[in-house]
Protein chains: 2
Amino acid sequence: MTTHAAMANAIRFLTMDAIEKSKSGHPGMPMGMADVATVLFTRFLKYDAKAPKWADRDRFILSAGHGSMLLYALGYLTGFEDLSDIEQIKNFRQMGYRTAGHPEFGHVAIAETTTGPLGQGIANAVGFALGEKMAAARHGAEIVDHYTYVIAGDGCLMEGISQEAISLAGVWNLSKLIVLWDDNHICIDGDTAISTSDDQLARFQASNWDVCRVDGHDPETIATAIAAAQKSGQPSLIACKTTIGYGAPTKAGSEKTHGAPLGAEEIAGARAKLNWPHAPFEIPADVLSAWRAAGSKGSEARATWEKRFAAYGNKAEFESTNAGILPAVWKQAVSDFKKKVSAEQPKWATRKASQEVLEALTPVIPAMIGGSADLTHSNLTITKATKPVTPRDFSGRYIHYGVREHGMAAIMNGLSLHGGFIPYGGTFLIFANYLWPALRMSAMMDQRVLYVLTHDSIGLGEDGPTHQPIETLSALRATPNVLVFRPADPVETMEAYEAALDNATGPSVFALSRQNLPTLRTTHTDENLTAKGAYVLAEAEGKKRQVTLIATGSEVSLAMEARKLLADKGIAACVVSMPCWELFERQPKEYRSKVLGEGTVRVAVEALGTFGWERWVGENGAVIGMNGFGASAPAEKLYEHFGITAEKVAEAAMVRL
Amino acid sequence: MTTHAAMANAIRFLTMDAIEKSKSGHPGMPMGMADVATVLFTRFLKYDAKAPKWADRDRFILSAGHGSMLLYALGYLTGFEDLSDIEQIKNFRQMGYRTAGHPEFGHVAIAETTTGPLGQGIANAVGFALGEKMAAARHGAEIVDHYTYVIAGDGCLMEGISQEAISLAGVWNLSKLIVLWDDNHICIDGDTAISTSDDQLARFQASNWDVCRVDGHDPETIATAIAAAQKSGQPSLIACKTTIGYGAPTKAGSEKTHGAPLGAEEIAGARAKLNWPHAPFEIPADVLSAWRAAGSKGSEARATWEKRFAAYGNKAEFESTNAGILPAVWKQAVSDFKKKVSAEQPKWATRKASQEVLEALTPVIPAMIGGSADLTHSNLTITKATKPVTPRDFSGRYIHYGVREHGMAAIMNGLSLHGGFIPYGGTFLIFANYLWPALRMSAMMDQRVLYVLTHDSIGLGEDGPTHQPIETLSALRATPNVLVFRPADPVETMEAYEAALDNATGPSVFALSRQNLPTLRTTHTDENLTAKGAYVLAEAEGKKRQVTLIATGSEVSLAMEARKLLADKGIAACVVSMPCWELFERQPKEYRSKVLGEGTVRVAVEALGTFGWERWVGENGAVIGMNGFGASAPAEKLYEHFGITAEKVAEAAMVRL
């Protein structure tokens, strides 16, 4: 019989050899956690390597993403199709192969999420485990009943985001979340004692977790702990005491094994020490076959589930929701809303418009899950259709994340990756800076996560510069694969949501005003003009366009005033509303040229930082916006003080004519 | 005798009345914590309202910055000069007054730091308390011996950054840090139970804190707890059980008091309930005089200290270091280094150049305090002169922050604000996104904090897209008052440090390569060319300049190659090195025009996102850079794959000629 040790050593040597060959990588963690991973993947994890996307599989999250070779070795050994060719392992971290430096969602099926930036994985896992509870509340335990396992390192637990996630897991009592902590007492700079004295077990306990400590190299103890954790009524932390780089003859237990190849001599020593006489990348047939058996063991459970699922009354809805398909009826809601507001022309802040949009959409799109980082009644994110999720009732659709923007975003990523949910979450636009790392992951993983970011400029007034975004929109616009919307009125707000929901392969941001604004789109069009990114809202009148005023959000109405001031002087100005740069960039060149009015004097106005606007106004254009931090005063005073007024816009145009 | 209650009520009514008048603000917290603040400011805090910058004062940090009226009321009542005019209180949150919506460092002396973004204050406080220990280790307890007090709310404790800070305070055993937690069980969305089940006392204890719980409305219990905390050998958390909006007849204890004026009726009710018959903004003479006495009580301690200080041997150095003045000798070190490297022309990565710069500067600038978020040997931030700070020895100059980028940045802010230190801290450039909120505070507070951010592009190679910055530089450049340097070689690296150290009123970022680069500045100049932001590194030869190639950092040498390729085709190209946009923007227009070569074909190259570069290349220029996320492979392959090569740069120029 193939021993546990041989199976664990297979992980260790694939790791050492791949990293040695690529001259790059992190061997310490996979070698240290090989025993734990072997126990998990051979005895507990419910999966079928041949059907990696089975909806009711257990989820495994490698939060310590630098240990990517652990995941790739497991994928190869258990027979995941996209990793079953040893060439993938031999070409670790090379161009054109799936085995990237850190595990990337979409590259290999075994990666449930992209990890590497520490703490993200454990926070995603809280989203996965929450998603499981929520899906189970909707479809029943016959259809949804799976665990979420995490391997996390010291780095993950040091990152602040881990506390936000741990805390929420405790609030929600996510009993099927099991974290295996690689407690090796080593960080990159040396012994963890140089930078932490935390009693992690006590810390997790303080957040309502079940905790225990095991020898991470003793398979039976590990198994006993996982079995107990499965039965626990709380989320579980299992501290696995391990030796980093286990098996390396001279470097084991040292930070030297963390992030660099071990070297030929050390690996030869490990071969001797662990009695592994096989050549690099060679796994003895019995070991490989034992691993492949483990990888297909779950096929039986899957077959049983498939049978149950075939008989499930709500099968079609479960499938389409999981595939991210929206119920057709939602487009009608969009149209109805646009008709209504273009006729009634309310004077709403766009955050209020967003609330009304959500009131219209959440009843017809049940996958939408709301929430806020403790600013519900400022972000206006809750609706009649979205009652709160509580530890006693997961059928709800609204999440009180607390003051945890970063955790919120990472949990939304987890919910989205789990499948079946389109999460949206609110905070102030400025606090995009607290959640930036997780938003970047939404973008990199092509996840349809919606960020409802209100109080989007100095227009928020009295809260002052700490709350007034300046650089925020530029930073978001600079991030690949993010749609950044700054709608001007209720029509554009609905259109922005429509475009965001139509974009199934990336996150969207809505920058929304605190202050009231007029409705500008007073003639209904079924066409989504916001989806073009920018369009002519009001063409120059009387004669050929001389000036093009480009604005977003709350400044579009200001541009309309400026247009009037210019008209009074006999100058023909056009107003372009540009709610989404990224979508505008995708338009044909002729459309863009026409909208931008090449050859005319161009002036952009946006009550945030001016960085990046040269793209649209050119070298001779003007940008009216903020060139420093804001101030604390009523909004109108601030616009006046910082010179963001119709008069200044008109002046900037006139001096350039 | 004026009672404690009357003094506390003075805070409450100034708060209610100011917020009512401005129709904006957060009354709940100041009303709830008025008793605690009164005890602290009348019996414990060592301060002299007439000498708010006294170096050995206790520091008080209002981490729950939305409760700014607490600070302003205290400032007015105790007689801080800049708040002693009641007009400041009457014009809370109005243009032109110091009483901003959130407390701003530099606006009112009583604000030791700017707070509002939650969790920043408590993390700054860890930096202040660390600064105290470090200053005491240098100057002795006769000169430096003060406490750091914090008032924090539930929001501060929910934010992940609090965990990073709490954890480090525990590691360092910062016994003179005392946190008063406003334990009112209310968050904005309602009862804190909806989003937290944390046992905060157990959580802090798990990080080596001393903890206790008191009735936050019972002055004697509060006093006993503070006295005990002062004597504790660990950092202390005092959980103060309070009623939010204490005194409001119908709204007390509810989130309704958190962030909006109470309304005239409710305030009238509070006047009746608390027996406060005085008109708005009127403080009875006995109460004001009791408060002013409290505010001047510390003058005696200060006088005694001044006397000791007058006799202190190291007085001059203490004063100049605290004033942020650098020892004159450092400029010689800069010059020597530049001479040496321009002659020797090493092929160093700029992170290695940074290490050598730090080796040259840290011995001559003792105020420089290094550190890294657990990437010391990747960031290359430690030097011979900077031995680590440990809980047993605070004379060190290097800080192991652990994997806590956000905490690191906020603690650096605290160290800088404390006075006497110029902190620099390292992580990978991509992880600027974890520390962004704190970096923004460095900028807003004009603090000379240095961010050493290595692995600054796809040039880091195999770690892949999770670690490759794309949007990062754009985001940093968009942030006001940050100098962003991306030096090309060892000479520019030293010049960047020189310019950063010369800039005493804001933070600087150094974006540094992982990969080796040639030395390009091979002729020594005493002039700091990097301080001009951009300059002609290699003028076009043979004929009039036709092409201007603009590059930063690792791409400057690539631009030099492209220049050669163009020369081979008979095209006269100039290479402009542009290590710092912000400094270039400050140059006279003629200089800028000359450098940019207006009228020539302009091509920029930078191996990060292209966002914002239109500013320098104009509408007809080209930008060679990244238009999406990176990939995992060796660096050379990535440059090739993404088309960031000398050939592509030359081509882009040629098609535009």
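Letters A, B, ... are given to chains in the order of the sequence lines, protein chains preceding strands, and every chain is numbered from 1.
- Residue A:Pro469 touches chain B through its backbone alone, counting heavy-atom pairs closer than 4.5 Å.
- In this structure, the portion of A:His406 lying under 4.5 Å from any heavy atom of chain B is its side chain and not its backbone.
- Under the 4.0 Å criterion applied to side-chain N and carboxylate O atoms, A:Glu471 and B:Arg440 are assigned as salt-bridge partners.
- Using a 30° and 60° split on the angle between ring planes, A:His467 and B:His102 fall in the parallel class, below 30°.
- Both the backbone and the side chain of B:Thr479 come within less than 4.5 Å of a heavy atom of chain A.
- Every residue meeting the side-chain contact (heavy atoms from CB on, under 4.5 Å) condition with B:Ser378, not counting sequence neighbours, appears here in chain and number order: B:Arg351, B:Leu375, B:Phe428, B:His455.
- Counting heavy-atom pairs under 4.5 Å between each of B:Ala633, B:Ala206, B:Gly190 and chain A puts B:Ala206 at the top.
- Residue A:Gln468 touches chain B through its backbone alone, counting heavy-atom pairs closer than 4.5 Å.
- If you tally non-hydrogen atom pairs under 4.5 Å between each of A:Ile430, A:Asn627, A:Leu201 and chain B, the highest count goes to A:Ile430.
- Separating the CZ atom in A:Arg615 from the CH2 atom in B:Trp613 is a distance of 13.5 Å, to the nearest 0.5 Å.
- The greatest number of non-hydrogen atom pairs below 4.5 Å with chain A, out of B:Pro634, B:Gly609, B:Gly259, B:Gly170, is found for B:Pro634.
- For the options A:Gly464, A:Gly612, A:Pro437, heavy-atom pairs under 4.5 Å to chain B are most numerous at A:Pro437.
- Contact annotation for A:Trp616: neither backbone nor side-chain heavy atoms come within less than 4.5 Å of a heavy atom of chain B.
- Neither the backbone nor the side chain of B:Trp209 has a heavy atom closer than 4.5 Å to any heavy atom of chain A.
- Of the two parts of A:Ser162, neither the backbone nor the side chain holds a non-hydrogen atom closer than 4.5 Å to a non-hydrogen atom of chain B.
- For a residue to count as touching a neighbouring chain, one of its non-hydrogen atoms must lie under 4.5 Å from one of that chain's; by this rule A:Met626 does not touch chain B.
- If you tally non-hydrogen atom pairs under 4.5 Å between each of B:Lys637, B:Glu164, B:Gln94, B:Met444 and chain A, the highest count goes to B:Met444.
- Side-chain N or O atoms of B:Asp198 include none that pairs as donor or acceptor with a backbone N or O of A:Ser207 at under 3.5 Å.
- B:Asp463 places a side-chain heavy atom less than 4.5 Å from the side chain of A:His26.
- For the residue pair B:Ser195 and A:Tyr401, the shortest heavy atom distance occurs at CB-C, 4.1 Å.
- Side-chain contact between A:Trp581 and B:Phe611 is present, with heavy atoms from C-beta onward closer than 4.5 Å.
- Summarising the geometry, atom CD1 belonging to B:Ile19 is positioned 11.5 Å from atom CD belonging to A:Glu462; distances are rounded to the nearest 0.5 Å.
- Of the inter-residue distances, the one linking A:Glu405 atom CD with B:Leu118 atom CG reads 7.5 Å to the nearest 0.5 angstrom.
- Looking at A:Ser474, the atoms closer than 4.5 Å to chain B (heavy atoms on both sides) sit in the backbone and in the side chain alike.
- Contact count against chain B (heavy-atom pairs under 4.5 Å) is highest for A:Pro465 among A:Pro465, A:Ala165, A:Ala202.
- Side-chain contact between B:Thr466 and A:Met441 is present, with heavy atoms from C-beta onward closer than 4.5 Å.
- For the set A:Thr390, A:Asn208, A:Asn620, A:Thr196, the entry with the most heavy-atom pairs within less than 4.5 Å of chain B is A:Thr196.
- B:Glu640 does not touch chain A: none of its heavy atoms, backbone or side chain, sits under 4.5 Å away.
- A:Val171 and B:Ile194 make their closest contact through CG1-O, 3.9 Å (heavy atoms, listed as atom of the first residue, atom of the second, distance).
- Rounding to the nearest 0.5 angstrom, the gap separating the CZ atom in A:Arg404 from the CD atom in B:Glu159 is 9.0 Å.
- Residue B:Ile470 touches chain A through both its backbone and its side chain, counting heavy-atom pairs closer than 4.5 Å.
- Heavy-atom distances place the side chain of A:Phe431, and not its backbone, under 4.5 Å from chain B.
- Contact annotation for B:Leu638: both backbone and side-chain heavy atoms come within less than 4.5 Å of a heavy atom of chain A.
- When each of A:Asp374, A:Ile166, A:Ile382 is scored by its heavy-atom pairs under 4.5 Å with chain B, the top score falls to A:Asp374.
- Only the backbone of B:Ala193 comes within contact range of chain A, with at least one heavy atom under 4.5 Å from a heavy atom of that chain.
- Heavy-atom distances place no part of A:Leu439 under 4.5 Å from chain B, backbone and side chain included.
- Most heavy-atom pairs under 4.5 Å with chain B, from the set A:Ser24, A:Ser167, A:Pro117: that is A:Pro117.
- Of the two parts of A:His66, neither the backbone nor the side chain holds a non-hydrogen atom closer than 4.5 Å to a non-hydrogen atom of chain B.
- Scanning both residues, A:Asn433 and B:Trp436, for their nearest heavy atoms gives CB-CE3, 3.2 Å.
- Residues A:Thr376 and B:Asp189 approach most closely at OG1-OD2, 2.5 Å, considering heavy atoms.
- Residue B:Ser68 does not touch chain A at all, counting heavy-atom pairs closer than 4.5 Å.
- Rounding to the nearest 0.5 Å places CD1 of B:Ile188 at 8.0 Å from OG of A:Ser372.
- Taken to the nearest 0.5 Å, the CD1 atom of B:Ile161 stands 13.0 Å off from the CD atom of A:Gln163.
- At a 4.5 Å heavy-atom cutoff, the contact between A:Glu104 and chain B is made by side-chain atoms alone.
- The two atoms that bring A:Met158 and B:Val403 nearest to each other are SD-N, 3.3 Å, heavy atoms only.
- The shortest non-hydrogen separation linking B:Ser632 to A:Gly101 is OG-N, 2.8 Å.
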